[in-house]
Peer 1: 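Have a look at this one.
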Amino acid sequence: MCAIPHKELVIITLKDISKTYPNGFCAIKKLDLEVNAGDIMGIIGYSGAGKSTLIRLINRLEEPTTGYITVDSINMLTLKPKELQKTRQKIGMIFQHFNLLSSRNVFDNISFSLEIAHWKKQDIRKRVLELLEIVGLTEKVNFYPSQLSGGQKQRVAIARALANHPKILLCDEATSALDTKTTKSILKLLKDIQKKFNLTVVLITHQIEVIKEICNKMCVMSDGEIIEKGLVHEVFSNPQNEITKELISYLPPTDNKHILSSLKDQTNVYEIIFTGENANEPLISDIIKRFDIDANILSGNIEELATESIGHLVIKFTGGQDKIKNSIIYLKEKGLTIHNLGRSNDI
């Protein structure tokens, strides 16, 4: 008897969503998006792509012009103000510029959302102290925002977003105002929190490093549309859209043009990309034996992503042209992504 494959639970659904402002500007064209429970979904694109509008539609900080939105099986567009406020308590949100209250200290900034949710005072104190420990700011409990670094402010904002035990965490450019070192620490914290509390995270960013570091799935946006989406390692290893290729153009770091310029014979030069199970198979030595060809490895590197590693090899093959052609076909059948870097040789 065949086992029934596990079906992932969809927790966020946007269907036929569009957003046009009163001045006629269309920020979001009709698009569909599903986010599964437990995903860390990264939405990336250049400025003006519609990323911020899209994420703010999920919790109705922005109202859509058309379409429908469901979050955890709740139709968000039918909720009345009090119902929406209650539902939002299960959707934490982290903002680019922290949005802390300058007149409140760290404890009071975190407790604010609990006060709105009518928690009892003794429960508020217990929860805030728990959150401060989670984000590593126990000693800053009485500090004010003006006394904190950017990274510390964002940790307070993360604690505040977690206060009501949300199922979903929305991150609106949560690291773009931070330096590289602080960004890495915040991403590590978000990753640890997601795993510990089994959260679903949707984050928008213009930093491809953020997608690489933390996400398992990604969408690429341009001009109000999703132009490419999928598992991060699949999109990174074989981007289809030109904008996606631009965004991840630093992969691999090897300058292939420089490699080609050093070769007198630039035919039969290929970039071969390994992901998943293929990364552990001796496929290059296999084709050398199987097809009686030679392979000169010109460069290679491994890129570590949040969920998988991607291996890149640049190889020049020598031997009979039919044998090389058959070896490339064989590698493609094995699921490898292959790009012809050299002069045209009809393979």
Peer 1: Do other residues, nucleotides or ligands put more than 12 heavy atoms under 6.0 Å from the OH atom of Tyr46?
Peer 2: yes
Peer 1: Working to the nearest 0.5 Å, report the span between CD1 of Ile158 and CZ of Phe98.
Peer 2: 10.0 Å
Peer 1: When you check the side-chain N and O atoms of Thr138 and Glu133, is any donor under 3.5 Å from an acceptor?
Peer 2: no
Peer 1: If the threshold is 4.0 Å, N to carboxylate O, is there a salt bridge linking Lys334 and Asp286?
Peer 2: no
Peer 1: I'd like to know if the side chain of Asn99 reaches the main chain of Phe95, judged simply by a donor and an acceptor atom lying under 3.5 Å from each other, with no hydrogens or angles considered.
Peer 2: no
Peer 1: Would Leu203 and Met41 count as a side chain to side chain contact (heavy atoms under 4.5 Å, CB included) if you check the C-alpha gap in whole Å, the side-chain angles of each, and the deciding distance to 0.1 Å?
Peer 2: CA-CA 6 Å; Leu203 63 86; Met41 170 68 79; over 6 Å; no
Peer 1: Flag yes if Leu114 and Ile168 sit in one hydrophobic cluster, no otherwise; membership is Ile, Leu, Val, Met, Phe, Trp, Tyr, and two members link when side-chain heavy atoms are under 4.5 Å apart.
Peer 2: no
Peer 1: Can you tell me how far apart CG (Leu14) and CG (Leu33) are? Round to the nearest 0.5 Å.
Peer 2: 5.5 Å
Peer 1: Is it true that Ile324 and Ile272 fall in one hydrophobic cluster, defined by side-chain heavy atoms closer than 4.5 Å?
Peer 2: yes
Peer 1: Is there a side-chain contact between Thr200 and Leu169 (heavy atoms, below 4.5 Å)?
Peer 2: no
Peer 1: Would you say Lys184 has more than 12 foreign heavy atoms packed within less than 6.0 Å of its NZ?
Peer 2: no
Peer 1: Return yes if some donor-acceptor pair links the side-chain N/O of Asn326 with the main-chain N/O of Asp322 below 3.5 Å, else return no.
Peer 2: yes
Peer 1: Heavy atoms, side chains only, cut-off 4.5 Å: are Asn36 and Ile11 in contact?
Peer 2: no
Peer 1: With rounding to the nearest 0.5 angstrom, report the CD to CG distance, Gln194 to Asp39.
Peer 2: 8.5 Å
Peer 1: Check Leu61, Ile116, Asn164, Val71 against Arg88 for a side chain to side chain contact (heavy atoms under 4.5 Å, CB included) and give me the one that passes.
Peer 2: Leu61
Peer 1: I'd like to know if the side chain of Gln207 pairs up with that of Thr175 as donor and acceptor (distance under 3.5 Å, no hydrogens or angles considered).
Peer 2: yes
Peer 1: Whether the side chain of Ser111 engages the backbone of Phe107 through a donor-acceptor N/O pair (distance < 3.5 Å, no angle test) should be reported.
Peer 2: yes
Peer 1: Mind checking whether Met221 and Val210 sit in one hydrophobic cluster, side chains of I, L, V, M, F, W, Y counted as touching below 4.5 Å?
Peer 2: no
Peer 1: Would you please test Lys245 and Glu242 for salt bridge (Lys or Arg N to Asp or Glu O under 4.0 Å) and show each step?
Peer 2: CA-CA 5 Å; Lys245 292 176 183 178; Glu242 287 303 315; 3.4 Å; yes
Peer 1: Report the distance from atom CG of Asn109 to atom CG of Asn105, rounding to the nearest 0.5 Å.
Peer 2: 7.5 Å
Peer 1: Evaluate salt bridge (Lys or Arg N to Asp or Glu O under 4.0 Å) for Asp265 paired with Lys316, printing each intermediate quantity in order.
Peer 2: CA-CA 9 Å; Asp265 178 7; Lys316 178 173 174 56; 3.4 Å; yes
Peer 1: Not counting sequence neighbours, which residues clear salt bridge (Lys or Arg N to Asp or Glu O under 4.0 Å) with Arg104? List them please.
Peer 2: Glu115
Peer 1: Within a 6.0 Å radius of atom CD on Glu130, are there more than 12 heavy atoms belonging to other residues, nucleotides or ligands?
Peer 2: yes
Peer 1: Indicate if Leu131 and Ile94 have the same hydrophobic cluster label, given that clusters are the connected sets of ILVMFWY residues with side-chain heavy-atom separations under 4.5 angstrom.
Peer 2: yes
Peer 1: Tell me whether Asp192 is salt-bridged to Lys196, with the criterion being a basic N under 4.0 Å from an acidic carboxylate O.
Peer 2: no
Peer 1: State, with a plain yes or no, whether a side-chain heavy atom of Leu298 is found less than 4.5 Å away from one of Ile315.
Peer 2: no
Peer 1: Does Glu271 use its side chain to pair, donor to acceptor, with the backbone of Leu313 at less than 3.5 Å?
Peer 2: no
Peer 1: Could you measure the distance from the CD1 atom of Ile44 to the OG atom of Ser222? Nearest 0.5 Å is fine.
Peer 2: 12.0 Å
Peer 1: State, yes or no, whether a side-chain contact exists between His339 and Tyr270 at a heavy-atom distance under 4.5 Å.
Peer 2: no
Peer 1: Between Lys19 and Tyr21, is NZ or CZ placed under 6.0 angstrom from the six-membered ring centre and within 45° of the ring axis?
Peer 2: yes
Peer 1: Could you check whether any side-chain heavy atom of Glu225 comes within less than 4.5 Å of a side-chain heavy atom of Leu31, counting everything from C-beta outward?
Peer 2: no
Peer 1: Indicate yes or no: at least one non-hydrogen side-chain atom of Thr183 is less than 4.5 angstrom from one of Thr180.
Peer 2: no
Peer 1: Looking only at side-chain N and O atoms, does Thr53 offer a donor or acceptor that is under 3.5 Å from a partner on Glu62?
Peer 2: no
Peer 1: With hydrophobic residues grouped by side-chain heavy-atom distances under 4.5 Å, do Leu247 and Ile204 end up in a single group?
Peer 2: no
Peer 1: Does a side-chain N-to-carboxylate-O contact under 4.0 Å join Asp72 and Lys90?
Peer 2: no
Peer 1: Can Asp16 and Lys30 be counted as an ion pair, charged N to O under 4.0 angstrom?
Peer 2: no
Peer 1: Using a 4.5 Å cut-off on heavy atoms from C-beta on, say whether the side chain of Met218 contacts that of Phe236.
Peer 2: yes
Peer 1: Do Lys191 and Glu213 make a side-chain contact, defined as non-hydrogen atoms from C-beta onward lying under 4.5 Å apart?
Peer 2: no
Peer 1: Between Thr66 and Ser18, is there a side-chain donor-acceptor contact under 3.5 Å, judged purely by atom types and distance?
Peer 2: yes
